[in-house]
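Some notes on the structure that comes next.
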There are 2 protein chains.
Amino acid sequence: MRKMVDALRENQYRITPQRLAILKVLAESKGHPSVESIYEQVQTRFPTTSLATIYKNVAVLRDLDQLLELGFSDDSNRYDGNKPYDHPHVVCTVCRKILDPDISALADMTQELTRETGFTITRHRLDFFGVCPECQARR
Amino acid sequence: MRKMVDALRENQYRITPQRLAILKVLAESKGHPSVESIYEQVQTRFPTTSLATIYKNVAVLRDLDQLLELGFSDDSNRYDGNKPYDHPHVVCTVCRKILDPDISALADMTQELTRETGFTITRHRLDFFGVCPECQARR
DNA sequence: TATTTGTTGATAATCATTTTCCATAAAAAA
DNA sequence: TTTTTTATGGAAAATGATTATCAACAAATA
């Protein structure tokens, strides 16, 4: 949250109430909200907020590396403002919940890949898909 | 190729020249072609082939688990008819080339995740992004 | 061969998300 | 305060890969 505000300031972006509200939603969200979800939460404080504003600000934060954008192939984007760097996810295919599991082995993999393939690896994406315990119980 | 034909037969799909041409492109492609790329290759043999036909057949093969569909968040789909099961990829962000690196540790990860999170993991997706040696040299 | 059923090809329609537009409002600078 | 610059809101438009449509065609079946 503080870091995000600083990043905005450093880049001459103005600190507006809407921006603060968006930052707050992102900082307080322990999940991985969608644009729509951020929109709904911001609207509880600022009922006139526009979807366009959310999109514009999410893009700004993403470009400032303050936000990890998780794009899925079905055009559903989700955001993580608490860990704005690549990390693995476990996605429930029923309720769309997303968790951050602890997996350490990835750094090693990247190094090994660089050696094996000659690629300069800059990013990665590791997602596991399945059904969460809650959704399993609901059957 | 043989396996794909069998799968089609077993499911009462007819073996048409266009289908065979698509299968051939998929089987012979060592890369990860896009629909557009399959289309272009099939057209060299069947100039009147329609894009719709490619889409329909790719969907059939995907549903028969004969084809791995790699959807990226920018709406670019790529296909692998040689290894129609989840496996890691290294993607060059410049030329869009895709390689299959050897990474074994994934099965263990899935097991560990099941234990940790209670999820029933059915699929995964591991992509590394970077620049391939050829594109690095071209700078 | 005649009949039935599945497939193709060409084009139009779709779809939801994301962008664009611009007048208004608000923040920073002078 | 006044001026300048940037952000917002509301609606409309774009986006563009994929899907639907359907007449014409081809493969399987009787």
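Just so it is clear, the model here is predicted, and its values are computed rather than measured. Proteins get letters first, then strands, A, B, ... in listed order; numbering begins at 1 in each.
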Within 6.0 angstrom of B/Asp102 CG, more than 12 heavy atoms from elsewhere
no
Heavy-atom contacts, protein to nucleotides 18-25 of chain C, under 4.0 Å, summarised as B (base), S (sugar-phosphate only) or - (none) per nt, yield BBBB----
* Between B/Thr48 and B/Tyr13, who's closer to the 5' end of DNA chain C by nearest nucleotide? ->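 Nearer the 5' end of the strand: B/Tyr13.
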Notebook entry, point to check: A/Glu36 and A/Leu51: side-chain contact (heavy atoms from CB on, under 4.5 Å), yes or no, with the steps?
Noted result: CA-CA 8 Å; A/Glu36 196 61 35; A/Leu51 242 191; 4.2 Å; yes
Interatomic distance where [atom1] belongs to [X] and [atom2] belongs to [N] [whole Å]:
| X | N | atom1 | atom2 | result |
| --- | --- | --- | --- | --- |
| B/Tyr39 | C/dT11 | OH | C1' | 12 Å |
| B/Ile22 | C/dG9 | CD1 | C1' | 12 Å |
| B/Arg19 | D/dA28 | CZ | P | 11 Å |
| A/Arg78 | C/dA16 | CZ | C1' | 16 Å |
| B/Gln12 | D/dT29 | CD | P | 9 Å |
| B/Arg9 | C/dG6 | CZ | C1' | 15 Å |
| B/Phe72 | D/dG16 | CZ | P | 19 Å |
| B/Ile15 | D/dA27 | CD1 | P | 12 Å |

Requested in this report: Record whether the side chain of A/Ser50 comes under 3.5 Å of the base of D/dG10 through a donor-acceptor pair of N or O atoms.
Outcome: yes
Exercise for the section: Under 4.0 Å between any heavy atoms, over every strand shown, what does A/Asp74 touch: base, sugar-phosphate, or nothing? Just pick one. Expected result: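 Since no nucleic acid heavy atom lies under 4.0 Å of A/Asp74, the category is nothing.
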| message | Regarding A/Thr16, tell me which of base, sugar-phosphate or nothing describes its non-hydrogen contacts under 4.0 Å with the strands shown. | response | sugar-phosphate
Between the side chains of A/Gln41 and A/Ser37, is a donor N or O closer than 3.5 angstrom to an acceptor N or O? yes
Under 6.0 Å from the six-membered ring centre of A/Phe72 and within 45° of its axis: does the NZ or CZ of A/Arg125 meet both?
yes
Within a strict 4.5 Å, meaning less than it, do heavy atoms of the B/Ile15 and B/Leu8 side chains meet?
yes
*To the nearest 0.5 Å, what is the distance between CD1 (A/Ile38) and CD1 (A/Ile54)?*
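The CD1 atom of A/Ile54 is 6.5 Å from CD1 of A/Ile38, to the nearest 0.5 Å.
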- request: Return the nearest nucleotide to the side chain of A/Arg14; candidates are D/dA28, C/dA28, D/dG9.
  value: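 Nearest listed nucleotide: C/dA28.
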When you measure from the side-chain N and O atoms of B/Gln18 to the phosphate of C/dG9, is any distance below 4.0 Å, counting only OP1 and OP2?
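So the side-chain polar atoms of B/Gln18 do come within 4.0 Å of the phosphate oxygens OP1 or OP2 of C/dG9, strictly under.
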Q. Quick one: is B/Asn57 getting a side-chain N or O under 4.0 Å of the C/dT7 phosphate, OP1 or OP2?
A.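 So the side chain of B/Asn57 is outside the cut-off, no N or O lying under 4.0 Å from OP1 or OP2 of C/dT7.
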Which of B/Lys83, B/Arg78, B/Lys30 passes salt bridge (Lys or Arg N to Asp or Glu O under 4.0 Å) with B/Asp100? Answer is B/Lys83
